[in-house]
> 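I'd like to ask some things about the structure below.
None of the values given here were measured: they were computed from a predicted structure.
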Amino acid sequence: MKKLLLCLALPLFLLTMSVPAFAKDKTGKGEKVIENKLYSITLPSDWEPGSLQKKDGTPYERNAGPYHLYIFQWNSPKKGKFFDGYGIFLQSYERRDGKAVTMADMEKEIQRNNSISGVSDVKRSEQKAKPGQKQILITRKGQNYSEDKGWVYIQERIYYLIYPDGQRMHLLKLFVTEDFYQRQSNAEKLIQKIFASFRVKGTPPSQ
């Protein structure tokens, strides 16, 4: 009888060991690890790839000025016509001339992204980050188009993580409207958890 129970239990044990990509967080919601040749990041399992993003997490590539970019887009589920949730836009920068990308280069990219037409009341603050990295919060008013109201200004939060990786730099951007942020009980905790989960290939888990 004991041998029979052991035989029945072993396949079940092996099955549970073979699906590590999904886990439960403390809220009971599922999580998934998305991994590609450059990095891995852990996101809620119901989040979705952006319109140009491959479902397996492979970034798409393009050249822009002095950089070769690897671009990753993911977001929380869309509800209704307009986006009301979290969005991730992650760009990995390599210089096309072979030189190293610097922290100052990424600061310029952040400044450029928040100096465009339709953006006002930009405020910048630095948040706690791991050694060698930098985390920045931008709050601003951004212009958005609504079919019933036309062009309107919406208060936004944009979180940035600058993560060095040898000659390369990763610029992880997570954006959310202030209205949506205030309606979530755990928004800040979730954002910081996502940032903490980001790992470049070859980085020990403790870093």
Side-chain angles (χ1 to χ4, degrees), residues 23-36 38-45 47 57 59 67 69-76 84-94 100-116 119-142 154-207:
K24 294 284 185 178
D25 64 13
K26 291 182 179 179
T27 65
K29 294 182 179 179
E31 297 177 322
K32 61 184 172 185
V33 177
I34 301 169
E35 187 172 4
N36 56 48
L38 299 179
Y39 49 74
S40 65
I41 188 169
T42 303
L43 300 173
S45 59
W47 286 26
Y67 301 111
L69 302 175
Y70 301 84
I71 303 168
F72 174 92
Q73 290 179 291
W74 221 267
N75 47 256
S76 59
D84 186 28
Y86 302 96
I88 285 179
F89 187 73
L90 169 54
Q91 292 193 126
S92 303
Y93 292 75
E94 292 178 351
V101 185
T102 66
M103 189 73 72
D105 292 331
M106 296 298 92
E107 289 275 14
K108 288 179 183 177
E109 287 296 299
I110 292 173
Q111 184 178 12
R112 184 179 62 82
N113 291 341
N114 292 283
S115 301
I116 59 177
V119 170
S120 63
D121 295 341
V122 177
K123 295 181 176 63
R124 179 189 188 278
S125 61
E126 288 201 20
Q127 299 186 308
K128 185 178 179 181
K130 294 178 182 178
Q133 303 175 18
K134 186 172 283 190
Q135 191 169 321
I136 296 165
L137 170 62
I138 297 288
T139 59
R140 70 183 197 180
K141 285 185 178 178
I154 297 176
Q155 189 68 27
E156 300 171 330
R157 285 175 172 256
I158 305 175
Y159 294 79
Y160 293 94
L161 174 66
I162 305 175
Y163 197 123
D165 179 16
Q167 299 282 92
R168 183 188 299 123
M169 281 277 181
H170 304 280
L171 184 60
L172 172 55
K173 169 183 172 183
L174 192 153
F175 53 93
V176 63
T177 66
E178 183 68 25
D179 176 66
F180 181 84
Y181 178 90
Q182 295 297 337
R183 286 188 276 117
Q184 312 307 306
S185 61
N186 67 335
E188 192 67 30
K189 184 177 180 180
L190 175 60
I191 292 166
Q192 297 306 325
K193 185 176 181 180
I194 289 171
F195 276 17
S197 78
F198 182 72
R199 297 275 189 281
V200 300
K201 286 301 179 71
T203 303
S206 59
Q207 294 183 14

> In Å and rounded to the nearest 0.5 Å, what is the CD to CZ distance from E35 to R199?
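The CD atom of E35 sits 12.0 Å away from the CZ atom of R199.
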> Please identify each residue that fulfils salt bridge (charged side-chain N to carboxylate O under 4.0 Å, His left out) with R183, with sequence neighbours left out.
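R183: salt bridge (charged side-chain N to carboxylate O under 4.0 Å, His left out) contacts with D84, D179.
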> Go through the structure and list residues passing ring pair (Phe, Tyr, Trp, His ring centres under 6.0 Å) with Y93, not counting sequence neighbours.
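Y93 satisfies ring pair (Phe, Tyr, Trp, His ring centres under 6.0 Å) with Y67 only.
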> What's the shortest heavy-atom distance between I191 and Y181, and which atoms?
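Here I191 and Y181 meet closest at CD1-CE1, 4.3 Å.
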> Got I158 and N113 here, is their nearest side-chain heavy-atom distance under 4.5 Å?
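Counting from C-beta outward, I158 and N113 never come under 4.5 Å.
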> Output all residues satisfying side-chain contact (heavy atoms from CB on, under 4.5 Å) with T139, sequence neighbours left out; order by chain, then residue number.
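Only K123, L137, Q155, R157 meet the side-chain contact (heavy atoms from CB on, under 4.5 Å) criterion with T139.
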> Any donor-acceptor pair under 3.5 Å linking the side chain of K32 with the backbone of W47?
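At least one qualifying donor-acceptor pair exists.
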> Are the side chains of F72 and L38 in contact, using a 4.5 Å heavy-atom criterion?
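In short, these two side chains do not touch, never coming nearer than 4.5 Å.
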> Assess whether side-chain contact (heavy atoms from CB on, under 4.5 Å) is satisfied between Y163 and K130, documenting all intermediate values.
CA-CA 9 Å; Y163 197 123; K130 294 178 182 178; over 6 Å; no
> Using side chain to side chain donor-acceptor pair (under 3.5 Å) as the criterion, list what pairs up with K134, not counting sequence neighbours.
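Counting only residues at least two positions away or on another chain, K134 forms a side chain to side chain donor-acceptor pair (under 3.5 Å) with E107.
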> For Q182, check side chain to side chain donor-acceptor pair (under 3.5 Å) against everything at least two apart and list the hits.
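Listed in chain order: E178.
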> With side chains defined as the heavy atoms from C-beta onward, is the minimum distance between L171 and F89 less than 4.5 Å?
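No, too far: nothing below the 4.5 Å cut-off.
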> How long is the straight-line distance from CD of Q133 back to CG of L161, given to the nearest 0.5 Å?
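The distance works out to 5.5 Å.
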> What residues, two or more places apart in sequence or in another chain, satisfy ring pair (Phe, Tyr, Trp, His ring centres under 6.0 Å) together with Y159?
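Partners of Y159 under the ring pair (Phe, Tyr, Trp, His ring centres under 6.0 Å) test: none.
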> Taking C-beta and beyond as the side chain, do Y86 and Q184 meet within less than 4.5 Å on heavy atoms?
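Answer yes - side chains close enough.
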> Taking only residues two or more places apart in sequence or in another chain, which ones pass ring pair (Phe, Tyr, Trp, His ring centres under 6.0 Å) with Y39?
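Listed in chain order: H170, F198.
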> What residues, two or more places apart in sequence or in another chain, satisfy ring pair (Phe, Tyr, Trp, His ring centres under 6.0 Å) together with F195?
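Scan of F195 (ring pair (Phe, Tyr, Trp, His ring centres under 6.0 Å), adjacent residues dropped) gives none.
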> For K108, enumerate each residue passing the side-chain contact (heavy atoms from CB on, under 4.5 Å) test, keeping only those at least two apart in sequence or located in another chain.
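Listed in chain order: nothing, the list is empty.
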> Given side chains that start at C-beta, do those of E31 and S45 come closer than 4.5 Å, heavy atoms only?
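Side chain of E31 against side chain of S45, heavy atoms only: no contact under 4.5 Å found.
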> Which residues pass the side-chain contact (heavy atoms from CB on, under 4.5 Å) test with A100, not counting sequence neighbours?
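Testing A100 for side-chain contact (heavy atoms from CB on, under 4.5 Å), a comparison that skips the adjacent residues, returns Q167.
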> Applying salt bridge (charged side-chain N to carboxylate O under 4.0 Å, His left out), can you list everything that pairs with D105, at least two apart in sequence or on another chain?
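Applying salt bridge (charged side-chain N to carboxylate O under 4.0 Å, His left out) to D105 gives none.
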> If you look at every heavy atom in S92 and R168, which pair is closest and at what distance?
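Closest approach of S92 to R168, heavy atoms only: CB-CD, 4.1 Å.
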> Quick test of your reading of the model: are K173 and E109 salt-bridged, counting only N-O distances below 4.0 Å?
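Salt bridge flag = no for E109 with K173.
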> Starting at CD1 of I88, measure out to CD1 of I194 and round the result to the nearest 0.5 Å.
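Between atom CD1 of I88 and atom CD1 of I194 there are 4.5 Å.
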> Are any non-hydrogen side-chain atoms of L190 and P44 less than 4.5 angstrom apart?
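L190 vs P44: side chains touch.
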> If I take atom CG from residue L43 and atom CH2 from residue W74, how far apart are they, to the nearest 0.5 angstrom?
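Reported value, rounded in 0.5 Å steps: 7.5 Å.
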> Side chains of Q135 and Q192: does their closest heavy-atom pair fall under 4.5 Å?
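In short, these two side chains touch, coming nearer than 4.5 Å.
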> Tell me the closest heavy-atom pair linking G132 and P164, and the distance in Å.
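Minimum heavy-atom separation between G132 and P164: O-CG, 3.1 Å.
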> side-chain contact (heavy atoms from CB on, under 4.5 Å) with V122: which residues, sequence neighbours excluded?
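Listed in chain order: N114, V119, I138, R140.
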> Are any of the side-chain heavy atoms of N36 and Y70 separated by less than 4.5 Å?
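A side-chain contact under 4.5 Å is absent here.
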